[in-house]
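In what follows, chains are A, B, ... by sequence order, proteins preceding strands, each numbered from 1.
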Amino acid sequence: MVQKGLTAFFEKFLTKESLFTDRKVLQSNYTPETILHRDAQIQQIAKIMAPALRLDKPSNLFVYGKTGTGKTLSIKYTTNQILEVASQRSMPLKIFYINCKLKRVADTEYRLIAQLCREFGKEIPPTGLPTDEIYRIFFDTIDKEKQVIILILDEIDQLVKKTGDEILYNLTRINAELHKSQISLIGISSDLRFAEALDSRVKSSLSEEEIIFPPYNAMQLQHILKQRGKIAFKEGVMDEGVIEKCAAYAAREHGDARRALELLRVAAEIAERNGFAKIEVRHIDEAEEKIEHDRIIEAVSTQPKQHQAILYSIVSIYIKRKDIIFTGEIYELYKGICHQVGLRPLTQRRVSDVIGELDMLGLINAKVISKGRYGRTREIQVSVPSSTIAKIKNILEEGLDLT
DNA sequence: GTCAATTCACATGAAAGAGACCACGGTCTAGTG
DNA sequence: CTAGACCGTGGTCTCTTTCATGTGAATTGACGA
């Protein structure tokens, strides 16, 4: 009988007033017309990049800042402006933005260079060629004509963590190999200690200039939220204190503006879906819960089988005994589960790494401790709200075909 | 009682293997004129 | 003669295994007071 009501539901949905006027303003890839509280940084970036307009090579730049502090946004904004000026005078200036974290796009040396070649319109197979070959193609393509290239490498810390700093070394040396063109690099990292771990030669040439993006404070977040909210929503749909609360939540999380905007958007969606004419403060709480819940569910269900089996072991021990768990226990149970579902058990070495990965995902909380005479191990706890644990267990059971 | 040595139960690192995917060049085969 | 099918080689990439080494404090046992 649900079907009968469906048409009516859609009819009603259409006639119902939406809270939004422009939903995408709150999405993370939206570029606002003015960027608040980042004037100083944008100025600096502009100063550093400006020589590109005279076809000189700008200094390499390194940008630090936690997630959601407007690094990418500011860089993109500034470079777009430069590009506009340059293209008006038809100058040979090119700017490429590459996110190194994108899986299967630019997360290895080969793929990064291949991606660059593709930006230049060269067809590069996803694999199969030697890396040197790719470099050669890249050089040849770039060096055909005189031009200045600015290469923005977002989340560069991820790339280096995965593949080592050899790439950076190669990249910084590119200029020596080029005759006509010049490349300058902008690295964006959300890890503040990233540069310390680099090879000193790479470090000095890569971070000729450095800019740090401090986290937003609660007031600044409020500004940003107000600015976006004005465009995103109809007038007067935000209840008293909504913005303040959003900002406060996000400020607590190292001033992450992306988080704040997401919170606001989800809260609005919840309010709208439940037929409220206004976003109320309690919707923010609900939104926070929903975001966290969704994040966890998503993370759990996209894990590969082995990881799921390991997580399942952890969760089932935890449910039975809400206490700290040690690696050995998990491994024993895990082996049993593998047997049950016909999976080849991994070695303990690997399981140890997987536990580390699950920790990184924030699904569990693992801390290395020494129990003295009784060895050294990880102290593991499930770090998921108890309302979600049962759900996780179900997902895992389904994923593993456990009965 | 004190202190260094021992010991446990893994953690952590490095290197190498397995297997999937892929490009390229050479050889073979069948169809065509 | 030529297009396409079919190898073999060599490359990347991810997930693992293997082997080796590290580690921090409870415990032990020798030692001296």
S.K.: Looking at residues at least two apart in the chain, or sitting in another chain, which of them share a ring pair (Phe, Tyr, Trp, His ring centres under 6.0 Å) with A:Phe233?
M.R.: A:Phe20

S.K.: Kindly indicate whether the side chain of A:Lys290, heavy atoms from C-beta on, has any atom under 4.5 Å from the side chain of A:Ile270.
M.R.: yes

S.K.: Over how many whole Å does the gap from A:Glu109 atom CD to C:dT12 atom P extend?
M.R.: 10 Å

S.K.: Within 45 degrees of the axis of the six-membered ring of A:Tyr97 and under 6.0 Å from its centre: does A:Lys76 put its NZ or CZ there?
M.R.: yes

S.K.: For A:Asp353, enumerate each residue passing the salt bridge (Lys or Arg N to Asp or Glu O under 4.0 Å) test, keeping only those at least two apart in sequence or located in another chain.
M.R.: A:Arg349

S.K.: In whole Å, what is the span from the CZ atom of A:Arg378 to the C1' atom of B:dT12?
M.R.: 9 Å

S.K.: Sequence neighbours excluded, which residues qualify as salt bridge (Lys or Arg N to Asp or Glu O under 4.0 Å) partners of A:Glu269?
M.R.: A:Arg23, A:Arg265

S.K.: Using only heavy-atom distances, determine whether the side chains of A:Ser352 and A:Arg378 contain a donor-acceptor pair under 3.5 Å.
M.R.: yes

S.K.: Tell me, please, which residues at least two apart from A:Arg38 pass salt bridge (Lys or Arg N to Asp or Glu O under 4.0 Å).
M.R.: none

S.K.: In whole angstroms, how far is the P atom of C:dT14 from the NZ atom of A:Lys305?
M.R.: 22 Å

S.K.: Of all of residues 130-138 of chain A, which get a heavy atom below 4.0 angstrom from DNA chain C, listed by number?
M.R.: A:Pro130, A:Thr131

S.K.: If the condition is salt bridge (Lys or Arg N to Asp or Glu O under 4.0 Å), which residues does A:Glu398 pass it with, not counting sequence neighbours?
M.R.: none

S.K.: Quick one, give me the B/S/- string for nucleotides 15-27 of chain C, reading 5' to 3', where B means a protein heavy atom under 4.0 Å from the base and S means that only happens at the primed atoms, P, OP1 or OP2.
M.R.: -SBB---BBBBBS

S.K.: Sorted by first residue and then second, give each ring-ring contact (aromatic ring centres under 6.0 Å, His included) pair with at least one member in residues 259-318 of chain A; sequence neighbours left out.
M.R.: A:Phe276-A:His283

S.K.: Run the side-chain donor-acceptor check on residues 241-252 of chain A: report pairs under 3.5 Å with partners two or more places apart or on a different chain.
M.R.:
unit_1: A:Lys245; atom_1: NZ; unit_2: A:Asp285; atom_2: OD1; d: 3.3
unit_1: A:Lys245; atom_1: NZ; unit_2: A:Asp285; atom_2: OD2; d: 3.1
unit_1: A:Tyr249; atom_1: OH; unit_2: A:Asp285; atom_2: OD1; d: 2.7

S.K.: If you restrict it to nitrogen or oxygen atoms, what contacts under 3.5 Å exist between nucleotides 18-24 of chain B and the protein, and what is each distance?
M.R.:
none

S.K.: If you check every side-chain atom of A:Ser352, which of C:dT12, C:dT14, B:dT12 has the closest atom?
M.R.: B:dT12

S.K.: With side-chain hydrogen bond (donor to acceptor under 3.5 Å, both in side chains) as the test, would you mind laying out the steps for A:Ser190 and A:Thr67 before giving the verdict?
M.R.: CA-CA 6 Å; A:Ser190 50; A:Thr67 46; over 6 Å; no

S.K.: Among pairs that include at least one residue of residues 112-162 of chain A, which meet ring-ring contact (aromatic ring centres under 6.0 Å, His included), considering only residues two or more places apart or in two chains?
M.R.: A:Phe96-A:Phe120

S.K.: Please list residues of residues 309-336 of chain A whose heavy atoms come under 4.0 Å from any atom in DNA chain B, ordered by number; otherwise none.
M.R.: A:Thr327, A:Gly328

S.K.: For residues A:Ile380 and A:Ile314, report the shortest heavy-atom separation together with the two atoms involved.
M.R.: CG2-CG2, 4.1 Å

S.K.: Are any of A:Arg111's side-chain N or O atoms less than 4.0 Å away from OP1 or OP2 of C:dG11?
M.R.: no

S.K.: Would you mind reading off the distance between A:Ile355 atom CD1 and B:dA11 atom C1', rounded to a whole angstrom?
M.R.: 11 Å

S.K.: For A:Lys367, answer base if it contacts any base atom (sugar-phosphate contacts may also be present), sugar-phosphate if it contacts only those atoms, and nothing otherwise; contact means non-hydrogen atoms under 4.0 Å.
M.R.: nothing

